[in-house]
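The basis for the numbers below is simple: all heavy atoms, side chains too, and nothing from hydrogens, waters or symmetry mates. In what follows, every chain begins at residue 1, and chains take the letters A, B, ... in the order their sequences are listed. Only a predicted model underlies this, so the values are computations on that prediction, with no experimental measurement involved.
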There are 2 protein chains.
Amino acid sequence: MAKIIPNLSVDCVIFGFDFNQLNVLLVERKLDDEKTGKSLIDDWTLTGYHIFEDENFDTAAARILKGLSGLDNIYLEQFYAFSRLDRVNSPNDKLWLDHQSEGFSERIFTVGYFSLIDNTTVSISHNDRNVKWFPITDLPELGFDHKEILEKALEKLRAKLRSEPIGFELLPEKFTVSQLQRLYEVILGTKFDRRNFRKKVLQMKYVIPLDEKQKGVKHKPAQLFIFSKEVYEKTKTERFDFSI
Amino acid sequence: MAKIIPNLSVDCVIFGFDFNQLNVLLVERKLDDEKTGKSLIDDWTLTGYHIFEDENFDTAAARILKGLSGLDNIYLEQFYAFSRLDRVNSPNDKLWLDHQSEGFSERIFTVGYFSLIDNTTVSISHNDRNVKWFPITDLPELGFDHKEILEKALEKLRAKLRSEPIGFELLPEKFTVSQLQRLYEVILGTKFDRRNFRKKVLQMKYVIPLDEKQKGVKHKPAQLFIFSKEVYEKTKTERFDFSI
DNA sequence: TTTGCAATGTGTAATTTTTACGCATTAGAT
DNA sequence: ATCTAATGCGTAAAAATTACACATTGCAAA
């Protein structure tokens, strides 16, 4: 087994979408006093771990994702490296690290990855800790500098969502136009006209209509679409925008 | 003096613009055999250095820039962290590291920053090594994984140039419309219609015309403009693009 | 069986933005 | 005085974006 690199970790900001909200996966950080049973720490953190000698950052992030989901074809993107001098330095953070089996005493740097998964079909579990999806509009107390990391991840996600078709990663393979619209609306915090949004999507050659309808809904079922990465790669053109 | 962190460095991709080409600053990596005098290594690298215990990545990058230019208000942006297992592993790279005063034996990770400076007014010098501007269209042999780092930097620079007004960082305070146009053309590798480009620039409230003309040119002197970050921040609006 | 509900699907006109394109002007150099 | 090289300006056509209303579908409830 390869050795851990003690001063470097990877943290994954795992985003999920449930057709309604953008969610982020957090793991519970719970520590009770051994004698009194009183709760010393009870908050949440991102999923992350140190990297091994035989890994690069990408493979470390993929390993973490695989451990949680069992999948290894999940969208992952490195977005920033964090190095604040006091990033793991609150009393709770120190207490927590002291109680971990590996005794980390060094300053720890971390490389942030964000991951996009479809909240409705991918199931996540953690070996020995409690994990839970939180809507990004309603987050609990976060440990370490994970609030900062999460905010940066969101910022980068929003920027990327505006310039590349990564939103589809958050939807099941087959999706409806209004699911896609809702996704854009909740992530970018905007509202679009339903007819104009549909018009825009229909003219994208890489969003392909299927001869198939939504099922199990109690209203008129919508047409299903798939995203074709191949068609996108073939037809994409760079655009001079320079507008924002 | 603070201690070095032996397995972490910052590499700066310093871009400059001379009204004609996009350039990158490189430092010469030269090593001769002590007996025979024969050249063992003669190539170029990015500017970079290890980070110190009392620094974060940003301050380390700023320190490097300050050392080269004397300035500390230069545009700097972290763009990616590099971790390939064999990133400093060629015979030349090993030989070079063996000859450095600090004997680095560990695997080294690096965080890439790109920097934008005005090639025509900022002057750069290195204490004890030869530095030189190279047009990005005509690069020499690069050491370590610096070719990969430079390519990633360019990719990120292009993406950012399309969505945010960072091009002005590469120009002197006062600039003409066609200098700006040339800048966009060489970085993005496109051509714009002169009249339409001007129209686009003139409608940007944050590009402010001066009552002043270019001097010392042997043709009709052009009007000068300045970029106002304040006006930009006040008037910017997010745009739904999603087109690329 | 009928009715109500909730969301889907469609078209057009007005406005704004983008594109294409040619000619007169200026200041230094010769 | 003339040449040169780049600036400065305007308009028409095309394309993209915006605003906006009503009929349809399928299930659920009455």
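In this structure, A:Lys220 has no side-chain hydrogen bond (donor to acceptor under 3.5 Å, both in side chains) partners at least two apart in sequence or on a different chain. With sequence neighbours excluded, the residues forming a side chain to side chain contact (heavy atoms under 4.5 Å, CB included) with A:Arg29 are A:Ile41, A:Asp43, A:Thr45, A:Asn92, A:Asp93, A:Trp96, A:Arg129, A:Phe144, listed by chain and number. B:Asp118 is linked by a side-chain hydrogen bond (donor to acceptor under 3.5 Å, both in side chains) to B:Thr120, B:Thr121, counting only residues two or more places apart in sequence or in another chain. Taking B:Glu28 as the reference, B:Asn130 meet the side-chain hydrogen bond (donor to acceptor under 3.5 Å, both in side chains) condition, with sequence neighbours excluded. A:Glu141 is linked by a side-chain hydrogen bond (donor to acceptor under 3.5 Å, both in side chains) to nothing, counting only residues two or more places apart in sequence or in another chain.
Interface residues of residues 171-178 of chain A facing DNA chain C, ordered by number: A:Ser178; criterion, heavy-atom separation under 4.0 Å.
One finds the CG atom of A:Leu150 at 12.0 Å from the CZ atom of A:Phe114 (value rounded to the nearest 0.5 Å).
As judged by a 4.0 angstrom heavy-atom cut-off over every strand, B:Gln223 is placed among residues touching the sugar-phosphate backbone only.
Among residue pairs with one or both ends in residues 9-21 of chain B, those qualifying as side-chain hydrogen bond (donor to acceptor under 3.5 Å, both in side chains) are B:Ser9-B:Thr110, B:Asp11-B:Thr110, B:Asp18-B:Asn23, B:Asn20-B:Arg182; sequence neighbours excluded. Pairs engaging residues 66-75 of chain A under the side-chain hydrogen bond (donor to acceptor under 3.5 Å, both in side chains) rule: A:Lys66-A:Asp72, A:Tyr75-A:Glu77 [sequence neighbours left out].
Side-chain nitrogen and oxygen atoms of B:Arg198 include at least one within less than 4.0 Å of the OP1 or OP2 phosphate oxygen of D:dG8.
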Nucleotides 20-30 of chain D: protein proximity per nucleotide (B base, S sugar-phosphate only, - neither; heavy atom, under 4.0 Å): BB--BBBSS--

